[in-house]
Amino acid sequence: MINALIVDDDMATVEVVRNAVHWKQLGVENVSKAYNIEQAKKILLNEPINLVISDVEMPMGSGLDLLRWFREQKMDGEFLLLTCHEDFSYASEALHNRAAEYLLKPFDVDVMEVALRRIIIRIKEQQALKKSSELGVWVKDNYDEVQLSFWNSVLEGRFEEKPQQAAQEIAKRQLALDPQADYTLIVGRLTNLAKDETRFGRDLLLFAVKNVFSELLCGRPENDSILCNDRHTEILVTAICSEGQEKLQERCILLMKQTESIMNSILTVCICNPCRVENLYSIHQEAIQALVHNVADYGTCFHLSDAQAETINGSFTLDAKKLEESVFKRDKRAILQYVRDHLEEGMKTKQLSIEALQSARQTLLQIVYVELAKADCKAPDLFNNAVAQELSEKSVQSMMDFIRWANYLLSTAFSKLELTARQETISQKVHQYIKEHYAENIDRNSIAEEFYVNPEYLGKIYKRETGKNLKDAVSEYRIQKAKELLSHPNIRIGEIAMEVGFDSFAYFSTLFKKYTGTTPNEYRKNLNVETKED
């Protein structure tokens with residue numbers, strides 16, 4: 001029997017902890033409460049408490065004081081400390097006095113329950129040790145790990161098609177396993193783990209996964225038959241069960257719901273056909289292939305015997321010509337609808353495989369990249385970011401992940417193409433504006449105001465599109481118009497300077513020589529034009 005005590009000077013916190021945690025499911029019979037350490041000491045001296053959840057900072061004595069006193073009294077039990085401050089000295093003293101866990105407020109109920117589950121397992125083990133003989137103590141301390149090590153060897157292929165060796169190893173390790181019995185593998189693939197990292201941390205997440213699998217599939221929190229393979233973006237979990245498929249189907253469905261609820265992750269489960277120990281390796285490899293490659297079964301519970309072969313039908317490819325037309329028209333809705341219909345057909349026929357999605361991804365990428373290249377846009381730079389890479393990696397694990405990636409690809413590409421087209425239009429309009437207003441007092445600021453854009457932004461766009469500064473473009477056009485007017489003998493050079501927008505004749509002459517290599521007078525003489533000034 002496990003009895004718990006909650007200690008906190010804040011009554012509201014005590015009630016939250018008492019009401020939020022699923023005590024019965026954790027195996028806790030009674031939950032007492034105290035609002036200072038003196039009350040807590042009285043309860044601990046008079047009641048069989050073996051689990052204490054205590055706040056650290058309290059006005060009439062801290063949780064660390066209570067922990068020290070508890071250890072001095074040589075009482076049996078575990079402590080879980082709560083604090084609002086991540087202070088190393090607190091944590092150090094807590095560890096020194098053998099506190100089981102140290103959690104920060106405000107606490108997450110799911111994280112607390114995982115921590116409590118781990119503590120309770122330890123308490124149960126300690127209770128069992130007291131009732132065991134010296135041999136029983138050793139077995140209890142090591143049995144689970146010894147059996148897990150054996151199962152790991154089996155799934156690594158050490159006993160593939162070698163029944164005698166498997167039986168010898170079971171006897172050598174003194175395991176309570178029947179080498180002649182059939183065992184059923186349940187292989188799960190846990191994906192979409194990004195959110196879990198911030199909530200649990202990787203080690204606690206793996207512990208929670210093993211615990212949930214063991215409790216729901218094997219009927220006990222202690223783990224001697226659950227193996228995890230952490231593959232960074234996903235976790236493969238294998239349970240070795242001695243029961244038949246009939247009882248396991250319902251448990252697997254419940255397991256999927258629990259995983260989604262607690263860890264916000266997607267679990268895909270493959271139930272294998274029962275087989276002897278020596279055949280588990282090959283069955284396990286087939287199950288992993290089915291989980292990874294059979295995209296149509298993503299997020300479901302299926303039997304390995306029902307899984308379809310991972311082949312790509314020759315006609316099961318995207319229509320590149322149709323996609324090219326839609327990409328040219330920038331019709332994202334039509335593209336996504338076509339892709340969705342195409343993939344749903346693959347789901348119905350159970351032919352949607354990872355290879356099919358990889359092929360579809362490559363086809364769509366090439367078409368979009370070609371369209372971007374036509375507009376002189378650098379596609380690799382556009383998609384060289386963490387979001388794009390994550391979506392691309394996940395795009396082949398399910399139909400919805402592929403749609404999410406395609407939507408991001410098209411939205412980003414079309415936005416870039418639209419921006420590029422809009423920038424070119426602005427450049428053209430700016431050039432037209434210069435033609436119409438060159439004789440006026442115009443500059444970058446007045447032109448930017450005309451088009452409702454930032455002057456610096458306008459200057460960058462114009463420079464990128466034309467290779468010229470906006471100021472030089474205005475000056476060049478004015479000099480061009482001045483050259484035309486210099487061919488008319490009846491217009492004085494000073495008048496020409498004013499007509500093309502220069503207030504200063506000296507500045508006009510200097511700029512004219514910069515662009516033509518001659519002064520306005522020399523330019524006119526070279527034209528052999530007789531004027532009033534001659």
Side-chain angles (χ1 to χ4, degrees), residues 327-332 370-379 381-382 410-527 529 531-533:
V327 169
F328 177 76
K329 295 176 182 178
R330 313 289 191 264
D331 194 344
K332 186 178 75 171
V370 168
E371 195 65 22
L372 287 168
K374 291 177 183 177
D376 199 26
C377 297
K378 296 180 180 179
D381 293 342
L382 192 60
L410 297 170
S411 296
T412 304
F414 289 172
S415 294
K416 179 65 176 177
L417 291 168
E418 182 182 349
L419 178 61
T420 302
R422 187 165 63 246
Q423 290 170 351
E424 292 175 350
T425 301
I426 289 176
S427 300
Q428 293 169 355
K429 288 182 177 180
V430 166
H431 193 53
Q432 185 62 33
Y433 183 83
I434 293 172
K435 286 183 179 180
E436 296 173 359
H437 301 274
Y438 69 91
E440 303 170 17
N441 184 23
I442 61 172
D443 56 17
R444 189 178 72 171
N445 290 340
S446 60
I447 297 173
E449 185 177 349
E450 179 71 21
F451 294 103
Y452 305 102
V453 294
N454 179 277
E456 184 178 352
Y457 175 70
L458 179 65
K460 286 181 179 179
I461 291 177
Y462 195 85
K463 177 68 178 290
R464 185 169 60 202
E465 296 299 325
T466 66
K468 301 178 183 177
N469 291 321
L470 199 51
K471 182 180 179 181
D472 290 340
V474 174
S475 298
E476 284 183 10
Y477 192 77
R478 285 172 170 170
I479 298 302
Q480 178 184 331
K481 299 305 293 184
K483 288 163 64 177
E484 294 175 7
L485 293 174
L486 284 170
S487 64
H488 298 280
N490 297 324
I491 307 177
R492 297 179 181 277
I493 294 178
E495 295 173 351
I496 292 174
M498 293 183 64
E499 280 195 35
V500 296
F502 290 98
D503 294 332
S504 167
F505 176 76
Y507 180 61
F508 166 66
S509 297
T510 300
L511 208 60
F512 191 92
K513 188 171 183 178
K514 174 184 174 181
Y515 284 103
T516 66
T518 64
T519 65
N521 274 322
E522 291 170 342
Y523 184 85
R524 175 170 268 178
K525 287 180 180 178
N526 289 337
L527 293 175
V529 177
T531 67
K532 298 177 183 178
E533 297 168 312

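Sequence positions, counted from 1, serve as the residue numbers for this chain.
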message: Checking the side chain of N469 only, and the main-chain atoms of K471 only, is there a donor and an acceptor separated by less than 3.5 Å?
response: no

- prompt: Which pair of non-hydrogen atoms, one from C377 and one from L417, has the smallest distance, and what is that distance?
  reply: SG-CD2, 4.5 Å

message: Looking only at the side chains, is there a donor atom on one of H437 and E440 sitting less than 3.5 Å from an acceptor on the other?
response: yes

- prompt: Can you name the nearest heavy-atom pair linking V500 to A482, along with the distance?
  reply: CG1-N, 3.7 Å

task: Quick one: closest heavy-atom pair of K332 and S411, and the distance?
output: NZ-OG, 2.9 Å

task: Using a cut-off of 6.0 Å, state whether more than 12 heavy atoms not belonging to N441 lie near its atom CG.
output: no

- line: One should read off an interatomic distance between M498 CE and F505 CZ, to the nearest 0.5 angstrom, of 12.5 Å

task: State the OG1-CZ distance between T412 and F414, to the nearest 0.5 angstrom.
output: 10.5 Å

query: Q480 and Y515: side chain to side chain contact (heavy atoms under 4.5 Å, CB included), yes or no, with the steps?
result: CA-CA 9 Å; Q480 178 184 331; Y515 284 103; over 6 Å; no

message: Can you see whether K513 engages T518 through a side-chain donor-acceptor pair at a distance of less than 3.5 angstrom?
response: no

message: Are more than 12 heavy atoms, taken from residues, nucleotides or ligands other than E449, located less than 6.0 Å from that residue's CD atom?
response: no

- prompt: Taking atom CG of L410 and atom CG of D331, what is their separation to the nearest 0.5 Å?
  reply: 10.0 Å

- request: Using a strict cut-off of less than 4.0 Å between a Lys/Arg side-chain nitrogen and an Asp/Glu carboxylate oxygen, indicate whether E476 and K468 qualify as a salt bridge.
  value: yes

message: To check you understand the geometry: which heavy-atom pair defines the closest contact between P520 and I493, and what is its length?
response: CB-CG2, 3.8 Å

query: Side chain of R330, backbone of F328: donor and acceptor closer than 3.5 Å?
result: yes

task: Report yes if some heavy atom in the side chain of V474 is under 4.5 Å from a heavy atom in the side chain of D443; otherwise report no.
output: no

- request: List for me each residue that meets ring-ring contact (aromatic ring centres under 6.0 Å, His included) alongside F508, sequence neighbours excluded, and say none if there are none.
  value: F502, F512

query: Roughly how far, to the nearest 0.5 Å, is CG of L485 from CG of N490?
result: 12.0 Å

field: For K481, all residues meeting side chain to side chain donor-acceptor pair (under 3.5 Å), sequence neighbours excluded
entry: E484

- prompt: Any idea which heavy atoms bring A413 and L382 closest together, and the distance?
  reply: CA-CD2, 4.2 Å

query: Can you tell me if S446 uses its side chain to pair, donor with acceptor, with the backbone of I442 under 3.5 Å?
result: no

- request: Drop me the distance from L470's CG to L458's CG, to the nearest 0.5 angstrom.
  value: 5.5 Å

- prompt: Between R524 and S487, is there a donor-acceptor pair closer than 3.5 Å when you use the side chain of the first and the backbone of the second?
  reply: no

message: Checking R444 against I447 for the side chain to side chain contact (heavy atoms under 4.5 Å, CB included) test, could you report, in this order, the C-alpha distance in whole Å, the side-chain angles of both residues, the deciding distance, and whether it holds?
response: CA-CA 5 Å; R444 189 178 72 171; I447 297 173; 5.9 Å; no

Minimum heavy-atom distance E499-Y438, with the two atoms named: O-CE1, 4.1 Å

field: Gap between atom CD1 of I434 and atom CD of E436 - 0.5 Å precision
entry: 11.0 Å

task: Give a yes or no on whether the backbone of T519 and the side-chain of E522 come within a donor-acceptor separation of less than 3.5 Å.
output: yes

- prompt: Does any donor atom in the side chain of Q432 or Q428 lie under 3.5 Å from an acceptor atom in the other side chain?
  reply: no

